[in-house]
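Residue numbers count from 1 along this sequence.
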Amino acid sequence: MPESKSHQNAKNKAAGKGGKTEAPLPGDRRLDALSRDGQKATEIERSGNEAQLKKAARRLNVSEAPQKILKVPQKDMDAAAEAMRAVGVSGTVENLGGTKSRKVRPRG
């Protein structure tokens, strides 16, 4: 199923000028966006599905970027933060508009 236009726009905005979308990861996977300097890795998950949120968090975990951002609809921010904690990823959960954000640290 092809990506929606809004998903593509969100990836392009997250990558920024000169950044990469669909950056390759080990295991034949791809990261939604990586900034030009490689400092910011961004995953966009619009479904709100717990399993999909965890998969996105795992992709962020594998990326070597120091800043990891999971962008989700605002109503799914709590579930996204919990998914990142469950996978053991520290980073930021943002709403799609970028107006709200929440820092996440793994348990333990």
Side-chain angles (χ1 to χ4, degrees):
M1 181 174 193
E3 289 180 338
S4 69
K5 191 73 171 158
S6 59
H7 188 89
Q8 289 175 354
N9 289 340
K11 285 193 326 188
N12 289 332
K13 186 177 176 186
K17 192 171 187 163
K20 288 168 109 176
T21 60
E22 298 293 322
L25 291 174
D28 220 15
R29 294 179 293 177
R30 296 193 173 278
L31 187 64
D32 277 343
L34 188 64
S35 64
R36 175 175 45 180
D37 57 4
Q39 295 295 305
K40 248 191 244 185
T42 306
E43 267 297 316
I44 296 145
E45 184 52 54
R46 299 168 52 89
S47 74
N49 181 333
E50 185 179 343
Q52 293 295 87
L53 289 169
K54 285 183 180 178
K55 279 175 79 170
R58 282 189 208 100
R59 285 193 295 271
L60 283 173
N61 198 25
V62 171
S63 77
E64 295 178 4
Q67 294 179 23
K68 297 166 175 41
I69 302 166
L70 180 56
K71 288 193 157 224
V72 296
Q74 188 167 334
K75 65 184 169 89
D76 298 326
M77 285 180 69
D78 291 332
E82 191 55 41
M84 285 182 76
R85 277 189 209 99
V87 173
V89 182
S90 67
T92 306
V93 174
E94 284 185 5
N95 67 343
L96 292 172
T99 59
K100 302 237 188 295
S101 66
R102 177 178 307 163
K103 300 279 187 212
V104 176
R105 300 214 186 271
R107 288 187 188 112

Can you establish whether the number of heavy atoms outside [X] located under 6.0 Å from its atom [atom1] is more than 12?
X      : atom1 : value
Glu50  : CD    : no
Lys68  : NZ    : yes
Arg105 : CZ    : no

(message) Quick check on the hydrophobic clustering: are Ile44 and Val87 connected, directly or via other members, by side-chain heavy-atom contacts under 4.5 Å?
(response) no
(message) If hydrophobic clusters are built from ILVMFWY residues whose side chains come within less than 4.5 Å, do Leu96 and Val72 share one?
(response) no
Distance (rounded to the nearest 0.5 Å) between [X] [atom1] and [Y] [atom2]:
X      : Y     : atom1 : atom2 : answer
Lys103 : Glu94 : NZ    : CD    : 8.5 Å
Leu53  : Met77 : CG    : CE    : 12.0 Å
Lys40  : Ser63 : NZ    : OG    : 13.5 Å
Thr21  : His7  : OG1   : NE2   : 9.5 Å
Gln39  : Leu34 : CD    : CG    : 9.5 Å
Arg30  : Leu25 : CZ    : CG    : 9.0 Å

So, [X] side chain and [Y] main chain: donor-acceptor pair closer than 3.5 Å or not?
X     : Y      : value
Glu43 : Asp32  : yes
Asn61 : Ala57  : no
Asn95 : Lys100 : yes

(request) Determine, for Arg102 against Asp78, whether the closest basic-nitrogen to carboxylate-oxygen distance falls under 4.0 angstrom. (result) yes
(message) Assess whether a salt bridge exists between Lys11 and Glu22, defined as any Lys/Arg side-chain N lying under 4.0 Å from an Asp/Glu carboxylate O.
(response) yes
(message) Pair Leu60, Ile69 - check side-chain contact (heavy atoms from CB on, under 4.5 Å), show working.
(response) CA-CA 8 Å; Leu60 283 173; Ile69 302 166; 5.9 Å; no
If you take all heavy atoms of [X] and [Y], which pair is closest and at what distance?
X     : Y      : result
Asp76 : Arg46  : OD2-O, 4.3 Å
Ala14 : Ala33  : CB-CB, 3.9 Å
Thr92 : Ser101 : CG2-CB, 3.9 Å
Leu70 : Ala56  : CD1-CB, 3.8 Å
Gly38 : Pro66  : O-CD, 4.0 Å

